[in-house]
*Asks:* 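For reference, the structure I am asking about is given below.
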Number of protein chains: 2
Amino acid sequence: MGKILVFGHKNPDTDTITSAIVYSYLKNQVGQDTEPVRLGEVNGETQFALEQFNVEAPRFIETAANETDQVILVDHNERQQSVIDIEEVRVLEVIDHHRISNFETSEPLYFRAEPVGCTATILLKLFKENNVDIPKNMAGLMLSAIISDSLLFKSPTCTEEDITAANELAQIADVNIEEYGLAMLKAGADLSGKSVSQLISLDAKVFEMGEHKVEIAQVNAIDPGEVLALQKEIEDVLDLVIVEKSLSLFVLAVTDILNSNSTIIVRGAHTEKVEQAYNLPLVNNQALLEGVVSRKKQIVPVLTEVFKG
Amino acid sequence: MGKILVFGHKNPDTDTITSAIVYSYLKNQVGQDTEPVRLGEVNGETQFALEQFNVEAPRFIETAANETDQVILVDHNERQQSVIDIEEVRVLEVIDHHRISNFETSEPLYFRAEPVGCTATILLKLFKENNVDIPKNMAGLMLSAIISDSLLFKSPTCTEEDITAANELAQIADVNIEEYGLAMLKAGADLSGKSVSQLISLDAKVFEMGEHKVEIAQVNAIDPGEVLALQKEIEDVLDLVIVEKSLSLFVLAVTDILNSNSTIIVRGAHTEKVEQAYNLPLVNNQALLEGVVSRKKQIVPVLTEVFKG
Ligand SMILES: [Mn+2]
Ligand SMILES: [Mn+2]
């Protein structure tokens, strides 16, 4: 039977990794036997957070059913973003802040999704609802997740609740939000030594939109020009991925985290959907989206609508 | 734009009707503008509860999009159980205790499902989390829902949490659970004056299982023989419904609420799935399922598994 495994999505980001660690801690405190695991590489930003608060990265798994029959999902619910053998295990719980799609169970479960900026904001509530004390390092990890998902409160996904939660957690963790946050984001935006394949898979998710599979990847950068200079090479890799995964569209968003906008590079048979969605032309497979920093709020819903219609 | 409409499933039961009323009350207390509505007839049991606590039945609606663009679902999430134009409105929240299936959104929402016996048990927690006082009549309605969904705590869906909640609510509502509960269940099991069509649609839900549509209806009875005596007429009506709705299977469970078992009458092209599911033969399209009183826990999951594969 094995321990209950707790994990976030593929191509893990800081919220996914820390939420697995923190929620597993909470579940164990209330008497369950769980272990946090991860479905991919720990990125530079997450590594920075883990080191800051002295917490080990979770163990990597490729499949779940070989070691357990019960899992808890954090920070995602869509099957194609989850472990590849998700159909073979029972999902006991989901804690998430994304749209709900391509998810179903044959039995009732605990499913807690809230329209907030970060899974960690929900976890803070769960600590309180369960009357469990929050250790300093767990608070630090949750704070890191909120800073990461909200780009230091600048993303339109960020809610009042996220800001309140971050302030409360910063007090427990005893860190200065601005100072620590900027250092962490910069660690994540350090792209030196990364190959083009690594760049585009740093934070990539596949979405089903109507009959179509669409991959949307995001790279946070201090200097977007650095990434855009590699456009030709990037396009070659995107084209390969499109064939491999039978995608209708690949959107790579290079996000300028200091100026809060994104330049997208778009490939695939349905690039016209992007032009419709934002009502602007792609020039050289590229467009600048002013004010767009959130895949979840500013890219996925508009593209989903266009693919529907 | 209009008020936010709050409603439960088609063929409403006591939990669905009272949860719409109670959750709408709670949302209005925290400053939102909502109205409870219903998608079908109020049954005899629910009527008894509403009269006991002096609360009006919600208004009936056939469609939602003609009067609002925002809705909250209680006690269900599957689209085919919801209002017919559910695709045309935005689901802001879901409060439920069923499996999750055939549900998706393009944007994040508040989705609170817990594996407890009744939506009302979750609502009690939400009152506490929101620091809202529970009036006597709202407590009475929530108590009625728990008694109904748990068949006075005898259903296998009933959890410790449901029992604790019921006791707490009975205190606020100032009623004797056993006495009130039995009277309410008896009011619901009073089948006199009902036509066969009414009987089979009292508490009927359609489920998608793989490629198949399966309808499962339940009738609670004090004297199941009374219903079973109508078998020939019942089968004729089931056959009509099967053609009308393109069903692969119709299971009518006549539940003996005093002895905790169900006699099923089964029609459709895939009655063999029921025989596989329970490993017993249907004789004259009928079988007695010992100990089976819960559609959600003892019928839907086993049939889903068999249809899978
Ligand atoms: Mn997240
Ligand atoms: Mn219910």
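Heavy atoms only: backbone and side chains are in, while hydrogens, waters and symmetry mates are out. Lettering of chains follows the sequences in order, A, B, ..., and the numbering in each one begins at 1.
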*Asks:* About how many Å separate CD1 of A:Ile100 and CZ of B:Phe103, when rounded to the nearest 0.5 Å?
*Replies:* 5.0 Å
*Asks:* Between B:Asn102 and chain A, which part of the residue has a heavy atom less than 4.5 Å away: side chain, backbone, both or neither?
*Replies:* backbone
*Asks:* CD of A:Glu87 to NZ of B:Lys308: how many Å apart, nearest 0.5 Å?
*Replies:* 6.5 Å
*Asks:* Considering only heavy atoms and a distance below 4.5 Å, find which of B:Glu129, B:Lys296, B:Met209 pairs most often with chain A.
*Replies:* B:Glu129
*Asks:* With a 3.5 Å distance limit and no angle check, can you tell me whether B:Ser106 reaches the backbone of A:Pro301 through a side-chain donor-acceptor pair?
*Replies:* no
*Asks:* I need the B:Leu109 CG to A:His97 NE2 distance, nearest 0.5 Å.
*Replies:* 13.0 Å
*Asks:* Yes or no on side chain to side chain contact (heavy atoms under 4.5 Å, CB included) for B:Arg99 and A:Glu104, after CA distance, side-chain angles and deciding distance?
*Replies:* CA-CA 7 Å; B:Arg99 71 168 190 178; A:Glu104 71 174 48; 5.8 Å; no
*Asks:* When rounded to the nearest 0.5 angstrom, what distance separates CD in A:Glu107 from NZ in B:Lys297?
*Replies:* 6.5 Å
*Asks:* Should we count CG of B:Asn279 as having more than 12 external heavy atoms under 6.0 Å?
*Replies:* no
*Asks:* Please classify the contact between B:Thr304 and chain A as side chain, backbone, both or neither, with a heavy-atom cut-off of under 4.5 Å.
*Replies:* side chain
*Asks:* Tell me, side chain or backbone of B:Glu93 under 4.5 Å from chain A's heavy atoms, or both, or neither?
*Replies:* neither
*Asks:* Which bit of B:Glu78 is near chain A, if near means a heavy-atom gap under 4.5 Å: side chain, backbone, both or neither?
*Replies:* neither
*Asks:* Would you indicate whether the side-chain heavy atoms of A:Arg112 and B:Arg112 approach each other to under 4.5 Å?
*Replies:* yes
